[in-house]
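In what follows, a single structure is set out as structure tokens and then discussed.
Every value quoted in this text rests on a predicted model; they were computed, and no experiment measured them.
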Amino acid sequence: MSSIEGSAIKKVVIACDAGMGSSVMVASQLAKRLKPYSVSVTHTPVNDIPEDADLVLCQMTLLARARKSTGETVVLGFQSFLGDPVFDKVEAAIRDGGSLAD
């Protein structure tokens with residue numbers, strides 16, 4: 001199990017099956033939410049997650065693939081592209097402090 005403190009998160013990656021479509025929308029929305037905290041948000045295919053990602057978010061169905069390619073990076077899953085509680089959890093950890101663990 002990996003964990004990271006919210007204050008250490010500077011780059012969030014949204015990983016999806018192809019790196020297009022829904023992940024672009026999620027990345028854009030999350031980037032707006034995290035901009036006040038100087039956190040960048042990008043999107044990528046799950047097989048191309050960059051090594052410098054501090055936190056990876058992906059659909060639950062992709063968790064195993066994402067974790068396999070990220071080593072010790074925290075990977076959290078979400079069910080819904082809109083309004084999933086994980087996005088609030090990430091923002092709260094960055095804003096208020098606290099840790100995230102997979």
Side-chain angles (χ1 to χ4, degrees):
M1 187 159 125
S2 299
S3 67
I4 188 168
E5 289 298 315
S7 60
I9 298 172
K10 299 300 175 206
K11 183 175 183 178
V12 176
V13 173
I14 309 298
C16 75
D17 213 14
M20 301 174 0
S22 301
S23 66
V24 174
M25 178 183 63
V26 171
S28 175
Q29 291 179 349
L30 193 58
K32 289 177 188 173
R33 290 177 68 172
L34 300 182
K35 185 177 181 178
Y37 316 108
S38 300
V39 174
S40 70
V41 181
T42 62
H43 63 92
T44 186
V46 70
N47 294 329
D48 295 326
I49 297 169
E51 291 181 16
D52 64 343
D54 298 314
L55 175 67
V56 175
L57 303 175
C58 65
Q59 287 181 285
M60 292 289 204
T61 57
L62 299 175
L63 276 174
R65 284 173 57 194
R67 288 182 176 147
K68 186 177 180 180
S69 66
T70 59
E72 296 297 314
T73 303
V74 175
V75 180
L76 301 176
F78 56 86
Q79 295 284 346
S80 173
F81 285 101
L82 297 174
D84 195 279
V86 77
F87 304 123
D88 294 332
K89 184 177 175 181
V90 168
E91 183 179 10
I94 293 168
R95 179 189 64 230
D96 304 330
S99 61
L100 296 168
D102 57 7

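- Remark: side-chain polar atoms of Asp102 are not paired, donor with acceptor, to backbone N or O of Val74 under 3.5 angstrom.
- A donor-acceptor pair under 3.5 Å is absent between the side-chain atoms of Ser69 and the main chain of Asn47, judged by distance alone.
- Nearest heavy atoms, Gly98 versus Glu5: O-OE1, 3.4 Å.
- In terms of the side-chain hydrogen bond (donor to acceptor under 3.5 Å, both in side chains) criterion, Lys68 has no residue partners (sequence neighbours excluded).
- Taking the side chain as every heavy atom from C-beta outward, Val46 and Gln59 never approach each other to under 4.5 Å.
- Residues forming a side-chain hydrogen bond (donor to acceptor under 3.5 Å, both in side chains) with Arg33 (at least two apart in sequence, or on another chain): Asp88, Glu91.
- Minimum heavy-atom separation, Leu82 to Ser80: O-OG, 2.8 Å.
- Residues Val13 and Val86 do not share a hydrophobic cluster, clusters being chains of Ile/Leu/Val/Met/Phe/Trp/Tyr side chains in contact below 4.5 Å.
- Counting all heavy atoms, side chain and backbone alike, Gly6 lies closest to Ile94 at O-CG1, 3.7 Å.
- For Lys35, the NZ atom counts as loosely surrounded, since its 6.0 Å shell holds 12 or fewer non-hydrogen atoms of other residues, nucleotides or ligands.
- Residues passing the ring pair (Phe, Tyr, Trp, His ring centres under 6.0 Å) test with Phe87 are Phe78, sequence neighbours excluded.
- Rounded to the nearest 0.5 angstrom, Leu62 CG and Leu57 CG are separated by 12.0 Å.
- Between Cys58 and Arg65, every side-chain heavy-atom pair lies at or beyond the 4.5 Å cut-off.
- Cluster annotation: Tyr37 and Val26 are assigned to the same hydrophobic cluster (Ile/Leu/Val/Met/Phe/Trp/Tyr, side-chain heavy-atom contacts under 4.5 Å, transitive).
- In plain terms, the two heavy atoms of Leu63 and Leu76 that are nearest each other are CD2-C, 3.8 Å.
- Side-chain contact between Lys89 and Leu100 is present, with heavy atoms from C-beta onward closer than 4.5 Å.
- Of the inter-residue distances, the one linking Thr70 atom OG1 with Ile49 atom CD1 reads 5.5 Å to the nearest 0.5 angstrom.
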Step-by-step side-chain contact (heavy atoms from CB on, under 4.5 Å) determination, Leu55 to Val39: CA-CA 11 Å; Leu55 175 67; Val39 174; over 6 Å; no
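- From Ser40, atom OG reaches atom CD1 of Ile9 across 11.0 Å, with rounding to the nearest 0.5 Å.
- Shown here for Asp54 and Lys10, the closest heavy-atom pair between the two residues is OD2-N, 2.8 Å.
- The minimum heavy-atom distance between Ile14 and Ser23, with the atom names listed, is CG2-CB, 3.9 Å.
- Criterion: ILVMFWY side-chain heavy atoms under 4.5 Å apart, direct or through other members. Under it, Val24 and Val41 are not part of a common hydrophobic cluster.
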